[in-house]
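The structure presented is a predicted model; accordingly, all values stated were derived computationally and were not measured.
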Amino acid sequence: MPSSIPVQVAGHSFPSINQARLHYAPLLHKHPISHAFPPEDRDEVIGLLESAGSAYHSDVQDICSVKGPFGRRCLWSIGKDGIPHKLSIASSLKHCAELQADKCKYN
């Protein structure tokens, strides 16, 4: 059985990537589709993007959930230029874990 991979995201420490996912996933369903997230939830997602090393974290104007393929909700960040970018909570968390593992290798 694989062991859990601890991950730190924007000041939060999680014992596993799955625990981190369970923290962020409710944001998808918390707000109506296509409505901008309030500042506290927007900041949570921006913290996730920043921790994952995303190039979009500094340009985010709004975050919202949209209906994606197969009726599932997805996160979008909308930049100051008005262009939406799809976000993946799972991919972002994996990038956080990879970045932390790389830091450990070189320290």
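Among all heavy-atom pairs drawn from A20 and V7, the shortest one is CB-CG1, 3.8 Å. In this structure, G68 and C74 approach most closely via the heavy-atom pair CA-SG, 3.8 Å. In plain terms, the two heavy atoms of V66 and S34 that are nearest each other are CG1-OG, 4.3 Å. Across all their heavy atoms, D62 and A36 have their closest contact at OD1-CB, 3.7 Å. The minimum heavy-atom distance linking I5 with A97 is given by the pair CG2-CB, 4.0 Å.
When atom types are taken as modelled, the side chain of R42 and the backbone of C64 share no donor-acceptor pair closer than 3.5 angstrom. Side chain of H35 to backbone of I33: a donor-acceptor contact under 3.5 angstrom is found.
Between Y24 and H12, the ring planes are perpendicular. Angles over 60° get that label, and only those under 30° would be called parallel.
Remark: S16 pairs with S4, N18, Q19 by the side chain to side chain contact (heavy atoms under 4.5 Å, CB included) rule, at least two apart or across chains. P84 is linked by a side chain to side chain contact (heavy atoms under 4.5 Å, CB included) to W76, I78, counting only residues two or more places apart in sequence or in another chain. For P38, the side chain to side chain contact (heavy atoms under 4.5 Å, CB included) partners are H31, E40, D41, not counting sequence neighbours. In this structure, the side chain to side chain donor-acceptor pair (under 3.5 Å) partners of S13, at least two apart in sequence or on a different chain, are Q8.
The closest side-chain heavy-atom distance from V45 to V60 is not below 4.5 Å. S51 has its side chain out of reach of S92: every pair of non-hydrogen atoms, C-beta onward, lies at least 4.5 Å apart. Counting heavy atoms from C-beta outward, F14 and L93 have side chains that stay 4.5 Å or more apart.
Going from atom CG of L49 over to atom CD1 of I89 covers 10.0 Å, rounded to the nearest 0.5 Å. With rounding to the nearest 0.5 angstrom, the NE2 atom of H95 is 8.5 Å from the OG atom of S54.
Judged as a salt bridge (Lys or Arg N to Asp or Glu O under 4.0 Å), not a single pair has a partner in residues 72-83 (not counting sequence neighbours). Every pair tested for salt bridge (Lys or Arg N to Asp or Glu O under 4.0 Å) that includes a residue from residues 3-18 fails, sequence neighbours excluded, so the list is empty.
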* **Test side-chain contact (heavy atoms from CB on, under 4.5 Å) applied to I17 and C96, step by step** => CA-CA 9 Å; I17 291 175; C96 289; over 6 Å; no
* Pair I63-L27, side-chain contact (heavy atoms from CB on, under 4.5 Å): steps then yes or no -> CA-CA 10 Å; I63 302 283; L27 293 175; over 6 Å; no
